[in-house]
Amino acid sequence: MIVGPLRSLSARVPGAVRRIVLTMKPQVVFVLGGPGAGKGTQCAKIVEHYGYTHLSAGDLLREERGRPDSKSGQIIDSYIKEGKIVPVEITINLLRKAMEKTMMANENKFRFLIDGFPRNQDNLQGWTREMDGKADVKFVLFFDCDNEVCVGRCLERGKSSGRSDDNRESLVKRIQTYLQCTRPIIEQYEQQGKVRTIDASRSVDEVFDSVKKVLDKEG
Ligand code: UP5
Ligand code: MG
């Protein structure tokens, strides 16, 4: 019998590849923090220095929204503009596929930074339902940043990003969602001793110095 973290792959891949993929259990670091806290920026730097693959849930959703034949495109679009959190079935499916694809391409790529997820109870329950026992959550990297600083960064980026949610109206809603829905998730992990908090209001390099200290310790 075939057992392993990504068993759903078993029907679709040839034996040799299957054995490799199914023996590796994804090692996950959740990366959380407010809109504009610097999650994406820091993940890009981590990837340069450590053996992680960066998966931004927001980027995956935006990519899916842009696919002409996507069944979820419209729903994703409306949720993102409103700063609301997309139903977990959509997000988890994208995350799982991205992990599978990465591990299929390279057996050594089983360490993932999952950026911007889980953001609410629905996300967390979906993750537990689908991934419990199939992936290990090592810890949560929490970029703690003042809301005003976050908004300022996103508005500045909004001058050129083309992101439909980098405007003041969406940002008010994104911050609200973050405070009401995501902070409680971070607190839940905090109670399990799994949160590594970084002061993210400093410069990119200063923040990364702190990130390195955490990763060098945690491996
Ligand atoms: N910048 C970064 N670090 C800086 C620093 N230290 N000093 C000065 N400037 C700094 O950075 C933002 C901007 O700030 C950039 O211009 C950067 O140069 C500068 P970035 O690294 O992009 O920050 P990040 O935290 O990644 O900000 P982002 O806007 O991506 O965060 P959000 O969490 O809001 O966005 P995300 O893409 O994750 O989600 C968008 C939406 O998708 C959500 O609102 C939601 O509607 C939906 N979503 C879900 O529904 N479910 C999910 O699981 C994920 C997303
Ligand atoms: Mg981001």
Side-chain angles (χ1 to χ4, degrees), residues 28 30-48 54-66 72-99 112-127 130-131 140-183 185-186 198-212:
V28 170
F30 286 143
V31 180
L32 294 175
K39 302 183 291 296
T41 303
Q42 294 297 325
C43 284
K45 290 181 80 70
I46 294 171
V47 167
E48 277 173 34
H54 174 208
L55 298 178
S56 157
D59 286 349
L60 289 169
L61 288 165
R62 283 183 286 274
E63 200 181 298
E64 176 66 20
R65 174 182 65 178
S72 323
Q74 275 191 344
I75 186 165
I76 294 173
D77 192 44
S78 63
Y79 272 74
I80 285 184
K81 263 194 214 127
E82 288 301 310
K84 292 196 301 189
I85 298 162
V86 173
V88 70
E89 290 72 22
I90 297 175
T91 316
I92 202 113
N93 199 24
L94 296 171
L95 285 170
R96 194 176 36 204
K97 274 199 283 191
M99 284 194 280
F112 295 95
L113 299 165
I114 298 193
D115 159 5
F117 179 95
R119 295 172 105 91
N120 64 1
Q121 293 295 345
D122 175 56
N123 279 184
L124 189 55
Q125 282 163 10
W127 174 270
E130 298 293 327
M131 301 304 288
V140 175
L141 204 48
F142 168 37
F143 290 104
D144 191 11
C145 192
D146 183 81
N147 292 336
E148 282 310 307
V149 174
C150 284
V151 169
R153 287 179 186 172
C154 290
L155 287 176
E156 187 57 35
R157 181 181 58 187
K159 291 176 186 167
S160 60
S161 69
R163 267 179 62 160
S164 60
D165 59 352
D166 274 348
N167 57 74
R168 202 169 275 283
E169 203 186 331
S170 295
L171 274 160
V172 169
K173 295 174 182 165
R174 286 163 69 190
I175 293 280
Q176 239 171 30
T177 303
Y178 167 66
L179 294 175
Q180 282 170 8
C181 304
T182 311
R183 286 303 295 245
I185 301 297
I186 297 168
I198 309 278
D199 172 4
S201 56
R202 299 165 296 159
S203 74
V204 170
D205 288 342
E206 283 170 324
V207 175
F208 190 59
D209 278 343
S210 301
V211 169
K212 277 195 292 197

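Both ligands and their constituent atoms are indexed starting at 1 by order of listing.
The two residues Pro118 and Asn123 have their closest heavy-atom pair at CB-CB, 3.6 Å. Taking all atoms of both residues into account, the shortest heavy-atom contact from Val207 to Ala200 is CG2-CA, 3.8 Å. Heavy atoms only, all atoms of each residue included: Gly83 and Thr177 are closest at O-OG1, 2.8 Å. The heavy-atom pair separating Gly116 from Arg119 by the smallest distance is O-NH1, 2.8 Å.
We find that Lys84 and Asp165 are not joined by a salt bridge, their nearest charged nitrogen and carboxylate oxygen being 4.0 Å or further apart.
Against a heavy-atom cut-off of under 4.0 Å, Pro35 is close to the following atoms of ligand 1: 31 (O), 32 (P), 34 (O). Annotation for ligand 1: atoms under 4.0 Å from non-hydrogen atoms of Ile85 are 50 (O). Listed by number with element, the atoms of ligand 1 under 4.0 angstrom from any heavy atom of Phe117 are 53 (O). Every atom of ligand 1 with a heavy atom of Gly116 under 4.0 Å away is listed here by number and element: 52 (C), 53 (O), 54 (C). Listed by number with element, the atoms of ligand 1 under 4.0 angstrom from any heavy atom of Tyr79 are 46 (O).
In this structure, the side chain of Ser201 does not engage the main chain of Asp146 through any donor-acceptor pair within 3.5 Å. Remark: side-chain polar atoms of Lys39 are paired, donor with acceptor, to backbone N or O of Gly33 under 3.5 angstrom. Judged purely by atom type and a 3.5 angstrom limit, Gln42 uses its side chain to pair as donor or acceptor with the backbone of Val204. Proximity of a side-chain donor or acceptor of Arg153 to a complementary backbone N or O of Gly36 within less than 3.5 Å is detected.
In this structure, atom 42 (O) of ligand 1 lies nearest to the protein heavy atom Ile80 CG1, 3.6 Å. The closest protein non-hydrogen atom to atom 15 (C) of ligand 1 is Arg157 CD, 4.0 Å. Atom 46 (O) of ligand 1 has as its closest protein heavy atom Lys84 O, 2.6 Å. In terms of protein heavy atoms, atom 1 (N) of ligand 1 is closest to Arg153 CD, 3.9 Å.
The environment of CD in Glu206 is crowded: more than 12 heavy-atom neighbours from other residues, nucleotides or ligands sit within 6.0 Å.
For Thr91, every heavy-atom contact with ligand 1 shorter than 4.0 Å involves the side chain, none the backbone. Residue contacts with ligand 1, taken as heavy atom pairs separated by less than 4.0 Å, involve Ser203 solely via the backbone atoms N, CA, C and O. Only the side chain of Asp165 comes within 4.0 Å of ligand 1, judged by heavy-atom distances. Under 4.0 angstrom from ligand 1, the non-hydrogen atoms of Leu61 all belong to its side chain. Contacts with ligand 1 closer than 4.0 Å are made by no heavy atom of Tyr178, backbone or side chain.
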Item to check | Test log, rule side chain to side chain contact (heavy atoms under 4.5 Å, CB included), inputs Val88 and Phe117 | outcome: CA-CA 10 Å; Val88 70; Phe117 179 95; 4.1 Å; yes
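Within the 4.0 Å heavy-atom shell around ligand 1 one finds Arg62. Residue contacts with ligand 1 include Arg163, since one of its heavy atoms falls under 4.0 Å from the ligand. Ligand 1 has at least one atom lying under 4.0 Å from a heavy atom of Gly34.
Ligand 1 has no N or O atom lying under 3.5 Å from any N or O atom of Gly58, backbone or side chain. Polar contact check, Ala37 against ligand 1: a nitrogen or oxygen pair lies under 3.5 Å apart. Some N or O of Val86 is nearer than 3.5 Å to an N or O of ligand 1, by distance alone. Residue contacts with ligand 1: Gly38 is placed with a nitrogen or oxygen under 3.5 Å of a nitrogen or oxygen of the ligand (distance criterion only). Residue Asp59 has no N or O atom closer than 3.5 Å to an N or O atom of ligand 1. Residue-to-ligand polar distances place Gly40 within reach of ligand 1: an N/O pair is separated by less than 3.5 Å. Close N/O approach between Thr41 and ligand 1 is found [any backbone or side-chain N/O within under 3.5 Å].
You'll find the side chain of Val151 stays beyond 4.5 Å of the side chain of Arg174, heavy atoms only.
In summary, the side chains of Arg163 and Ser170 do not present any donor paired with an acceptor at a separation below 3.5 Å, with no hydrogens or angles considered.
Separating the CZ atom in Phe30 from the CG atom in Leu113 is a distance of 11.5 Å, to the nearest 0.5 Å. In this structure, OH in Tyr79 is found 11.5 Å from OG in Ser72, a value given to the nearest 0.5 Å.
Scanning Arg119, Arg174, Arg202, Lys39 for the heavy atom closest to atom 39 (O) of ligand 1 points to Arg119. The nearest non-hydrogen atom to atom 28 (P) of ligand 1, considering only Gly36, Ser201, Ala200, comes from Gly36.
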